Q: 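Questions regarding the structure given below will be posed in turn.
A quick note: this is a predicted structure, and the numbers were derived from the prediction, not measured.
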Amino acid sequence: MTRGSSTMSRRALLTTSGLSAAALALSSCAKGNGSAGAAAGGGSNIVTSASWEDGVGDLLKGAIADAWSKKSGKKIQAQASVSFDDYQTRFRTLLAGGAPPDVMRLNDDFLGEISGKKLSKDLAPYFKKSGLNKDDFFPIFTWSDLPSGQRGLVVAQQVRVLYYNKTMFQKENVPLPPTDWVADHWTWDDFLSAAKSLTKGTSQYGASIYQDTGYEEIWSRNNGGEGTYSPDGKKFTLADPKGVEAIQWVADLTNKYHVQPKWGDVTPDQAVERMFVAGKLGMMLATSSDIAYYNENVKDFEWDLAPIPAKVNQYQQGSVVLYIIPEKGKNPDAAWDYLNFAIGPDGGRFIAEAGVSVPVNKKAAESLKSPGKYPAHIDLLSSGADHNKIVNYTTAGSAAVSLFRPQLQRVYTGDLTAAKALGGIRAQVEQALAAG
């Protein structure tokens, strides 16, 4: 599952990538103005692209695009980025149009659907022609190889971790979380105990994890369940007892234990990020793409990364940075050349050195480092990639989430129990899954 995250500022991004002021001018021009001309194919030397606004997207159309342009003599013409939520309603219109961008970023939730409908190109012939060796990549690289073809390309993984206010932990005499993916002294009970000790009424909360939709998969998996969907993608296993128990536990952080902000307080754009920056939040679930944002904006305390707490299992659900070449794109060969550069050691190095994601290329990942003073334990991202569980494949992801997530909001507010909410919607979700 992919969720929008804090926007890495252009200044922070360019600083961490070692780019000059001239590169800033180039990447700013590459953004385009969102006009119809930017959406259509611009000729064999122009590759048009569309993405939502975040650190990795900025890199793909900025530093990586500039490096590829110097090598290939071609140019990336990018539409102006929009927010994650806006892009989710916009990308289908772009795909369905007669002249979609040559390259598009895709929410990994929807690959099964887009692939099944063959709205994106099968990249397998390009893989073969380019002579790619899968051993050069992390296992997540093959995740997009579905029964309908390899119709998406995994560029990187945004590892989900807990960001925590180390200064707050020390001030409240709370033991610090571990610095590696271990369960010792870092179970659900340990997490809750820490959150209780960090909470000070409504002025300071111990944790916030449910604003990031990746928690649905993480906590249900770690409770011993199968995650949101069954392995065959036809059953809504979040409604199984293990999933129900996990969702209820998360909601109880707010409504029973009062260690998590109320749902209405976390839903405004960047509300949780602002709480963390202001020193009013002890722990927060988020993807690694937020790292540069906090390096630039946190001024008054020390912060670091922690692994997901364990129960039966200790997994994280990495958000896959996924790109597609639309079937109706006008310049697929140049689009592939661009994406092939992005997953190589040279393109991937920009992602690693920006410290926002783990590039899919193993050689590039060796350059992973923090883009600023914090976090001290940036290496949690690489090891976290080995603790990854992706949502089971389904061709009806968009239909399913449109049904069950509104019901989950009623659980967060205490209007329904998780058992009633998930049990009540299960039949409809599974009907959608079957139809997909």
Side-chain angles (χ1 to χ4, degrees), residues 1 3 157-164 169 174-199 205-231 235-261 281-288 304-319 377 380-381 383-392 404 408 411-412 417-423 426:
M1 295 180 183
R3 178 188 178 273
Q157 181 184 165
Q158 295 174 324
V159 177
R160 280 185 166 89
V161 289
L162 290 178
Y163 290 67
Y164 74 95
F169 269 73
V174 179
L176 297 179
T179 58
D180 201 356
W181 291 78
V182 294
D184 293 344
H185 308 296
W186 197 234
T187 64
W188 288 19
D189 289 341
D190 296 321
F191 171 85
L192 177 57
S193 177
K196 288 179 177 178
S197 297
L198 296 170
T199 299
Y205 287 97
S208 184
I209 59 175
Y210 60 169
Q211 78 285 346
D212 185 308
T213 56
Y215 96 86
E216 299 162 3
E217 188 76 10
I218 290 172
W219 262 259
S220 57
R221 287 269 195 181
N222 287 340
N223 198 34
E226 290 187 323
T228 309
Y229 311 116
S230 59
K235 299 295 182 182
F236 181 46
T237 49
L238 192 64
D240 286 351
K242 294 293 185 181
V244 167
E245 183 180 42
I247 295 297
Q248 189 61 59
W249 183 81
V250 171
D252 284 348
L253 295 177
T254 300
N255 300 317
K256 179 179 180 180
Y257 301 113
H258 309 293
V259 299
Q260 182 169 244
L281 187 62
M283 295 177 284
M284 172 186 61
L285 176 67
T287 65
S288 52
D304 206 344
L305 305 179
I308 304 298
K311 197 175 183 186
V312 178
N313 301 305
Q314 190 177 28
Y315 297 130
Q316 63 91 17
Q317 191 265 305
S319 177
H377 294 96
L380 269 173
L381 303 186
S383 54
D386 291 329
H387 286 74
N388 182 46
K389 285 290 184 181
I390 296 295
V391 180
N392 285 325
F404 74 77
L408 287 181
V411 182
Y412 307 152
T417 64
K420 287 184 178 180
L422 294 173
R426 180 170 199 157

Q: Show every donor-acceptor pair shorter than 3.5 Å between a side-chain atom in residues 177-186 and any protein atom, with sequence neighbours excluded, or say none if there are none.
A:
| from | atom 1 | to | atom 2 | distance (Å) |
| --- | --- | --- | --- | --- |
| W181 | NE1 | L380 | O | 3.1 |
| W181 | NE1 | S383 | OG | 3.4 |
| W186 | NE1 | P307 | O | 2.7 |

Q: Walk me through it: do N255 and V411 pass the test side-chain contact (heavy atoms from CB on, under 4.5 Å)?
A: CA-CA 9 Å; N255 300 317; V411 182; over 6 Å; no
Q: Looking at Y315, is its backbone amide N or carbonyl O close enough to the side chain of N222 to form a donor-acceptor pair, meaning the two atoms are under 3.5 Å apart?
A: yes
Q: I'd like to know if the side chain of Y163 reaches the main chain of T287, judged simply by a donor and an acceptor atom lying under 3.5 Å from each other, with no hydrogens or angles considered.
A: yes
Q: Under the side-chain contact (heavy atoms from CB on, under 4.5 Å) rule, collect the residues that match up with D252, sequence neighbours excluded.
A: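 Expected list: Q248, K256, Y257.
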Q: Check whether any side-chain heavy atom of I308 sits under 4.5 Å from a side-chain heavy atom of F191, and report yes or no.
A: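 Side-chain contact under 4.5 Å: no.
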Q: Can you list the residues that meet the ring-ring contact (aromatic ring centres under 6.0 Å, His included) rule with F236, with sequence neighbours excluded?
A: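 Result, ring-ring contact (aromatic ring centres under 6.0 Å, His included) vs F236: F404.
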Q: Taking Q314 for its side chain and H387 for its backbone only, find out whether a donor-acceptor pair lies under 3.5 Å.
A: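 Absent.
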Q: Indicate yes or no for a side-chain donor-acceptor contact from N223 to the backbone of S220 under 3.5 Å, with no hydrogens or angles considered.
A: no
Q: Going by atom types only, do Q316 and R160 share a side-chain donor-acceptor pair under 3.5 Å?
A: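 Result is no, nothing qualifies.
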Q: Quick one: side chain to side chain donor-acceptor pair (under 3.5 Å) partners of S193, sequence neighbours excluded?
A: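 For S193 there are no side chain to side chain donor-acceptor pair (under 3.5 Å) partners, ignoring immediate neighbours.
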Q: So T199 and H258, do their side chains get closer than 4.5 Å, heavy atoms only?
A: no
Q: Where is the tightest heavy-atom contact between Q157 and A385, given as atom of each residue plus distance?
A: NE2-CB, 3.9 Å
Q: Go through the structure and list residues passing side-chain contact (heavy atoms from CB on, under 4.5 Å) with V174, not counting sequence neighbours.
A: F169, E172, A194, S197, L198
Q: What residues form a side chain to side chain donor-acceptor pair (under 3.5 Å) with H377, not counting sequence neighbours?
A: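 By the side chain to side chain donor-acceptor pair (under 3.5 Å) rule, H377 matches D304.
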Q: Could you pull out all residues at least two apart from E226 that satisfy side chain to side chain donor-acceptor pair (under 3.5 Å)?
A: none
Q: Which residues pass the side-chain contact (heavy atoms from CB on, under 4.5 Å) test with D386, not counting sequence neighbours?
A: none
Q: Do N388 and V159 come within less than 4.5 Å of each other through their side chains, counting heavy atoms only?
A: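 No - every pair of side-chain heavy atoms lies 4.5 Å or more apart.
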Q: Any chance NZ of K311 has more than 12 other-residue heavy atoms, nucleotides or ligands included, within less than 6.0 Å?
A: yes
Q: Could you list the residues that satisfy side chain to side chain donor-acceptor pair (under 3.5 Å) with S208, not counting sequence neighbours?
A: Q211
Q: Residues in side-chain contact (heavy atoms from CB on, under 4.5 Å) with D240, at least two apart?
A: T237, R426
Q: According to the interplanar angle, ranging from 0 to 90°, do the rings of Y412 and Y210 count as parallel (below 30°), tilted (30 to 60°) or perpendicular (above 60°)?
A: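 Ring orientation, 0 to 90° scale: perpendicular.
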Q: After noting the C-alpha distance and the side-chain angles of K389 and N313, does the key distance pass the side-chain contact (heavy atoms from CB on, under 4.5 Å) rule?
A: CA-CA 11 Å; K389 285 290 184 181; N313 301 305; over 6 Å; no
